[in-house]
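To keep things clear, I will list the structure first and then write my remarks on it.
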Amino acid sequence: SSVLVCLFSGPSGIAIQPLSHPPLILNNTTDCSNIDQVLQSLTQSITSLINESVSTNLSCLLNLGSRAQCAADSCHAIAQALPNNPSGYYWILNSTNSAVNVYCDLVRYLNGSRGWMRVAYVNMSDSNQTCPSAWTLYTPPTGVRLCGRPRGPGCFSVNYTTFGVPYSKVCGWVKGYNYNTNDAFNRWNCSSLVTTCVYTAIDQPYLDGVSITRNSPLRQHVWSYVDANVNSVNCPCATNSVFEYTIPSFVGSDWYCQGQGGGNTSNYYNYPL
């Protein structure tokens with residue numbers, strides 16, 4: 001697909017020919033009687049290349065993300081270019097310009113826009129779905145299948161890859177159920193109720209609930225869903241709150257607190273949070 005340009009001085013002039021054919025070598029003793037043939041061949045070759053390029057580009061525009069050769073910049077780019085496409089697996093480019101196959105949610109409007117790459121998905125209403133290895137499967141009498149931490153204090157995390165795809169926003173949905181007495185940000189295992197008893201590290205169990213963090217190994221807090229007990233009284237913003245402590249600085253204002261129940265382990269599966 002390269003073009004060889006042969007320049008010669010004297011009356012022979014200049015001849016141009018694609019490398020796909022044996023190059024035409026001209027010297028001072030060669031006439032240019034076949035120059036029209038050379039230029040015609042060149043024109044045909046260039047036209048063929050242009051047509052092939054246009055055909056490929058048009059195919060990719062109509063099938064953006066359908067294969068690695070047509071990888072899109074992002075799921076959002078696919079939603080913008082092909083607004084009627086369904087959600088599913090598509091090819092997009094990561095930060096090293098490599099094509100990766102990811103699930104794109106092209107239908108739902110999240111945070112005001114469509115075209116989100118799905119990073120984590122645990123749907124326990126699907127009987128074939130299993131809990132990630134760090135979590136425990138619970139099957140209460142109500143028939144709801146749940147994933148949760150093993151009983152007892154601690155942090156049990158699951159890591160999900162972003163395949164090196166750059167992103168600027170994280171959006172998610174969590175459905176949970178209260179189990180026993182949850183304490184929001186309160187430090188139930190502190191020796192006494194003092195305001196200095198605060199978990200200051202992101203790897204510590206600083207709440208009852210679910211947290212989303214990013215990056216590894218230096219994790220950064222994104223958002224927390226905080227679980228409290230009866231009438232949410234352990235939530236910092238609740239009426240008649242019994243909240244005792246300071247919210248960890250790395251959490252900031254990126255949290256939501258809610259509660260239902262307290263003490264009984266079986267009455268609250270009908271009240272999803």
Side-chain angles (χ1 to χ4, degrees), residues 86-89 101-108 110 116-163 170-190 199 201-214 216 219 221-236 238 242-243 248 251 254-273:
S87 298
Y89 283 91
N101 195 224
V102 302
Y103 187 92
C104 293
D105 188 328
L106 304 180
V107 177
R108 288 186 296 178
L110 303 173
W116 293 78
M117 184 183 82
R118 190 171 74 186
V119 174
Y121 182 69
V122 180
N123 179 12
M124 296 311 294
S125 64
D126 181 353
S127 60
N128 295 318
Q129 178 77 63
T130 59
C131 294
S133 59
W135 298 343
T136 298
L137 174 65
Y138 294 96
T139 54
T142 56
V144 179
R145 300 173 71 249
L146 308 171
C147 292
R149 73 182 189 198
R151 291 186 173 91
C155 179
F156 300 89
S157 299
V158 179
N159 293 322
Y160 294 96
T161 180
T162 59
F163 303 100
V170 177
C171 191
W173 183 70
V174 177
K175 184 178 182 179
Y177 299 84
N178 193 301
Y179 179 88
N180 212 330
T181 301
N182 290 316
D183 304 290
F185 290 107
N186 281 349
R187 314 294 181 253
W188 64 272
N189 58 343
C190 291
Y199 291 126
I202 198 169
D203 291 318
Q204 294 177 319
Y206 51 89
L207 56 79
D208 279 337
V210 178
S211 280
I212 298 174
T213 61
R214 60 185 292 268
S216 179
R219 296 165 60 201
H221 180 266
V222 176
W223 188 79
S224 287
Y225 184 89
V226 189
D227 189 18
N229 61 10
V230 180
N231 299 322
S232 306
V233 293
N234 284 342
C235 291
V242 295
F243 178 67
V251 173
D254 298 316
W255 56 272
Y256 181 82
C257 185
Q258 185 181 14
Q260 174 68 48
N264 190 309
T265 61
S266 60
N267 285 350
Y268 309 106
Y269 296 116
N270 294 323
Y271 302 96
L273 304 175

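Note: hydrogens, waters and symmetry copies are ignored here, and every other heavy atom, side chains too, is used.
Taking all atoms of both residues into account, the shortest heavy-atom contact from M124 to L137 is CE-CD1, 3.7 Å. Closest of all the heavy-atom pairs between T162 and V119 is CG2-CG2, 4.2 Å. Across S157 and A134, no two heavy atoms sit closer than the pair O-CB, 3.4 Å. Residues Y206 and P248 approach most closely at CB-CG, 4.0 Å, considering heavy atoms. Pairing each heavy atom of D126 with each of R145, the nearest pair is O-NH1, 3.0 Å. Between L106 and S87, the closest heavy-atom pair is N-OG, 2.9 Å.
C131 meets the disulfide bond (SG atoms under 2.5 Å apart) test with C147; sequence neighbours excluded. For W223, there are no ring pair (Phe, Tyr, Trp, His ring centres under 6.0 Å) partners two or more places apart in sequence or in a different chain. Evaluation of the ring pair (Phe, Tyr, Trp, His ring centres under 6.0 Å) rule for Y160 yields no partner, not counting sequence neighbours. In this structure, F156 has no ring pair (Phe, Tyr, Trp, His ring centres under 6.0 Å) partners at least two apart in sequence or on a different chain. Scored by the salt bridge (Lys or Arg N to Asp or Glu O under 4.0 Å) test, R118 finds no partners at all (sequence neighbours excluded). Applying the side chain to side chain donor-acceptor pair (under 3.5 Å) criterion to S125, with sequence neighbours excluded, gives N123.
Atom CG of D203 sits about 4.5 Å away from atom CZ of R219, to the nearest 0.5 Å. The distance from the CD1 atom of I202 to the OG atom of S211 is 7.5 Å, given to the nearest 0.5 Å. How far CG of D208 is from CZ of R149: 5.0 Å, rounded to the nearest 0.5 Å. Atom-to-atom distance recorded for L146:CG and T139:OG1 is 8.5 Å, nearest 0.5 angstrom. Atom-to-atom distance recorded for C155:SG and Q204:CD is 10.5 Å, nearest 0.5 angstrom.
Remark: the backbone N or O of V107 is paired with a side-chain donor or acceptor of D105 at under 3.5 angstrom.
Between V122 and P132, some side-chain heavy-atom pair lies under the 4.5 Å cut-off. In this structure, the side chains of W173 and R108 stay at 4.5 Å or more apart for every pair of heavy atoms.
Among F163, W116, Y121, Y89, the single residue meeting the ring pair (Phe, Tyr, Trp, His ring centres under 6.0 Å) criterion with Y103 is Y89.
Ring planes of Y256 and Y225: tilted class, angle from 30 to 60°.
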